[in-house]
Visitor: 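The structure's right below; bear with me while I get my questions together.
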Amino acid sequence: MSWLGRFGCVAAGYAVFQFLFGVLPDSIDGEPAKYLISGLSGFATAGMTWLAAALLRARTTGPAQLTAPAPFASNAPGPLPQVFTSAYGTLAAQVAVVDDPVRGRLVGWPHSLQEFDGPARPTSLATAYGLHIVLDLGVPDGRLHTGDLIDTLWRLRLPGGGWSARSQGSVARPEVTAMVLGALARAGASRERLADEVARCEAGFTRELDGTGRALTHVVTTVMRGLLRAAPDAPTLPVLRGALIDGALSDPQRQHRRCWSHRLSPLPWAAHPAQPSAVHTAQAVVALDRAARVLGEGPVERSAREDGVRWLLACPATAHDTCADLANLREEVRRRHPDDSSHHEVLNVRHFTASWIVRALLTPGAQEIARQDGVEDAWRERLDGAAAAVWAAQTDGIWSWSRDGSTFTTTEELRQPIWMTYQGLSALRAHAVWMYQPDTRTRPV
């Protein structure tokens, strides 16, 4: 049988045809009948020969083996690990160490990784962002020590408690205090030590004492995120969530979905209505999603959060890595100066919009909505576009501020704010974790 299989199915069939045609008796009705009988026999023999040969080969070789995928080259990592390594190296090289005669040894970073106006000196906000980066990347060596950064943040605390940005002076501000408290809590600071600062932050963040901050989406969401880390049972969290929901607006351009502007309450003298903002809507979605996981949520809270996600998914653009929703923005937080009411304290806030949209679309609630609404393709398209925009804005793991993606020539616009690098790294890390697909195929033992 093996010889016949090697001889070939066609050849075997032809041999049977020739043999039968020669031996069939002439009593069969003419040559056409002899051709028909011989041909059918030949075809049948060829088929049987092929099946027999296949069965013999299967028995001889045994079961087919699963082919394992080719292993990755050990010296060819993906680009993201290199970006993380480069970012860590830059942070380690540019960390500032200052011996302050009052506060003691300070280890951290200034506002920008490129300081052009004097010697670098750690600030509370930049050092808090740097601590977040170190916690995200891990500590592969001893060049950066989380304990030094934690000690520095406590030493930078204002005499009356709390923290403020460099441009805000000596009065603690809730958005900066909450940001620092969130970083300290994430790094493992004790709840007892955090409790006093949390209480001060809550007490000062009221409509009577900080009407400006309570009216701004950025400030409210920043305080919410910080307190959800540092004090998830803080009484002010449900109040702030309610104010955030009440401050949403309806957008007729996107099916009347609720979204957010930079303000939660319009100014009484404003000539134009508030305009929807992608970055502020994304910030609200992130804050509401985290609050839902910590505090739970009812139908009112769920509806507002889901509307924000659906508003982001309703972006009408075709190119979602360069659409208008991804444009970087800046805003001012203006408060009356605590010592001179005729002057204002101004905090310039810049928003890395693409990173916020990545974080909003990667919330568990956003993914659930995409599945429920059957718009997973649109969700992936907008997520991948925002992630591509985040990736394009970095060089060797460091992000430079650009309002609209163009190249600026002024010193102010060429700086590399550490908060932007944190947000870029955080967004890319979250996107990479979501994209990871383990190989679950069975391999031979």
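Each residue takes its place number in the sequence, starting with 1.
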Visitor: Are the side chains of Leu249 and Pro276 in contact, using a 4.5 Å heavy-atom criterion?
Guide: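 Yes; the side chains approach each other to less than 4.5 Å.
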Visitor: Taking the six-membered ring of Trp311, is NZ or CZ of Arg257 closer than 6.0 Å to its centre and within 45° of its axis?
Guide: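 Here Arg257 fails the 6.0 Å and 45° test against Trp311.
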Visitor: Please name all residues satisfying side-chain hydrogen bond (donor to acceptor under 3.5 Å, both in side chains) with His132, sequence neighbours left out, ordered by chain then number.
Guide: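 Here the qualifying residues are Arg186.
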Visitor: Do Leu347 and Glu332 come close enough that some side-chain heavy atom pair is under 4.5 Å?
Guide: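 No, too far: nothing below the 4.5 Å cut-off.
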Visitor: Less than 3.5 Å apart, any donor N or O on the side chain of His320 or Asp325 sitting next to an acceptor on the other?
Guide: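 Judged by distance alone, the side chains do not pair up.
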Visitor: Quick check on Asp100: does its CG atom have over 12 non-hydrogen neighbours (other residues, nucleotides or ligands) under 6.0 Å away?
Guide: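 Yes, CG of Asp100 has more than 12 neighbouring heavy atoms, counting only those of other groups under 6.0 Å.
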Visitor: Answer yes or no on whether Arg214 is positioned over the face of Phe205, meaning its NZ or CZ is under 6.0 Å from the six-membered ring centre and within 45° of the axis.
Guide: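 Flagged: Arg214 positioned over aromatic ring of Phe205.
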Visitor: Tell me, do His262 and His218 make a side-chain contact under 4.5 Å, heavy atoms counted?
Guide: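 Side chain of His262 against side chain of His218, heavy atoms only: no contact under 4.5 Å found.
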Visitor: Under the side chain to side chain donor-acceptor pair (under 3.5 Å) rule, what do Glu175 and Gln168 come out as? Steps first, then yes or no, please.
Guide: CA-CA 11 Å; Glu175 65 273 23; Gln168 290 179 317; 3.3 Å; yes
Visitor: Using a 3.5 Å distance criterion without hydrogens, assess whether the side chain of Thr127 forms a donor-acceptor pair with backbone atoms of Ser124.
Guide: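 Answer holds: no.
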Visitor: Donor-acceptor check, side chain of Thr152 to backbone of Val107, threshold 3.5 angstrom: yes or no?
Guide: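 Pair found, side chain donor or acceptor close to backbone of Val107.
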Visitor: Backbone N or O of Ala327 within a donor-acceptor pair of the Thr353 side chain at under 3.5 Å?
Guide: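 Looks like yes, one N/O pair under 3.5 Å.
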Visitor: Whether Glu345 and Arg173 form a salt bridge (side-chain N of Lys/Arg under 4.0 Å from carboxylate O of Asp/Glu) is what I want to check.
Guide: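 Salt bridge: yes.
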Visitor: Salt bridge between Arg305 and Glu297, side-chain N to carboxylate O under 4.0 Å?
Guide: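 Result for this pair is yes, salt bridge flagged.
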Visitor: Between the side chains of Ser86 and Gln82, is a donor N or O closer than 3.5 angstrom to an acceptor N or O?
Guide: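 Yes, a side-chain donor-acceptor pair sits under 3.5 Å.
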Visitor: Taking it one step at a time, do Leu91 and Leu113 satisfy side-chain contact (heavy atoms from CB on, under 4.5 Å)?
Guide: CA-CA 8 Å; Leu91 259 66; Leu113 293 174; 4.3 Å; yes
Visitor: Answer with yes or no whether the side chains of Asp136 and Tyr422 bring together a donor and an acceptor at under 3.5 Å.
Guide: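 No, no side-chain donor-acceptor contact under 3.5 Å.
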Visitor: I'd like to know if the side chain of Trp379 reaches the main chain of Leu361, judged simply by a donor and an acceptor atom lying under 3.5 Å from each other, with no hydrogens or angles considered.
Guide: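 Yes, the answer is positive, given that a donor and an acceptor are paired below the 3.5 Å cut-off.
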Visitor: Measuring only between side-chain heavy atoms, which start at C-beta, is Val390 closer than 4.5 Å to His431?
Guide: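 No, their side chains stay 4.5 Å or more apart.
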Visitor: Taking Gly298's backbone N and O only, do any of them form a donor-acceptor pair with Glu301's side chain (distance below 3.5 Å, no angle check)?
Guide: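 Side chain of Glu301 to backbone of Gly298, a donor-acceptor pair under 3.5 Å: yes, one is there.
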Visitor: Would you confirm whether Thr421, through its side chain, and Trp399, through its main-chain N or O, come within 3.5 Å as a donor-acceptor pair?
Guide: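 Present.
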Visitor: Strictly distance-based, threshold 3.5 Å: is any side-chain N or O of Thr177 a donor or acceptor partner for the main-chain N or O of Cys201?
Guide: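 The answer is no, because no donor-acceptor pair under 3.5 Å joins these two groups.
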Visitor: For the side chain of Thr217 and the backbone of Ser261, is there at least one donor-acceptor N/O pair under 3.5 Å apart?
Guide: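 Yes, Thr217 side chain to Ser261 backbone: donor-acceptor pair under 3.5 Å.
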Visitor: Show the numbers, then the answer: is there a side-chain contact (heavy atoms from CB on, under 4.5 Å) between Trp260 and Thr221?
Guide: CA-CA 11 Å; Trp260 280 264; Thr221 55; over 6 Å; no
Visitor: Would you tell me whether His280 and Glu331 have side-chain atoms, one donor and one acceptor, within less than 3.5 Å of each other?
Guide: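 Side chains of His280 and Glu331: pair found under 3.5 Å.
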Visitor: Can you list the steps and then say if Gln367 with Trp434 is a side-chain contact (heavy atoms from CB on, under 4.5 Å)?
Guide: CA-CA 11 Å; Gln367 299 176 55; Trp434 170 77; 3.8 Å; yes
Visitor: Would you kindly check if the NZ (Lys) or CZ (Arg) of Arg193 is within the cone defined by 45 degrees around the ring axis of Trp154 and under 6.0 Å from the six-membered ring centre?
Guide: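 Yes - Arg193 lies over the ring of Trp154, closer than 6.0 Å to its centre and within 45° of its axis.
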Visitor: Could you tell me whether a side-chain N or O of Gln275 sits under 3.5 Å from a main-chain N or O of Pro273, the two making a donor and an acceptor?
Guide: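 Such a contact is found between Gln275 side chain and Pro273 backbone.
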Visitor: Flag the pair Asp289 and Arg293 as a salt bridge only when some basic side-chain nitrogen lies within less than 4.0 angstrom of an acidic carboxylate oxygen.
Guide: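 Looking at Arg293 together with Asp289, the answer is yes, because their closest N to O distance falls below 4.0 Å.
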Visitor: Could you check whether Arg258 and Ser303, counting side-chain N and O atoms only, form a donor-acceptor pair closer than 3.5 Å?
Guide: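 Yes, a side-chain donor-acceptor pair sits under 3.5 Å.
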Visitor: Would you find a donor on one side and an acceptor on the other, under 3.5 Å apart, between the side chain of Arg350 and the backbone of Trp401?
Guide: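 Checked: no pair found.
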Visitor: What salt bridge (Lys or Arg N to Asp or Glu O under 4.0 Å) pairs are there with at least one residue in residues 151-160, not counting sequence neighbours?
Guide: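 Only Arg157-Glu197 qualify under salt bridge (Lys or Arg N to Asp or Glu O under 4.0 Å).
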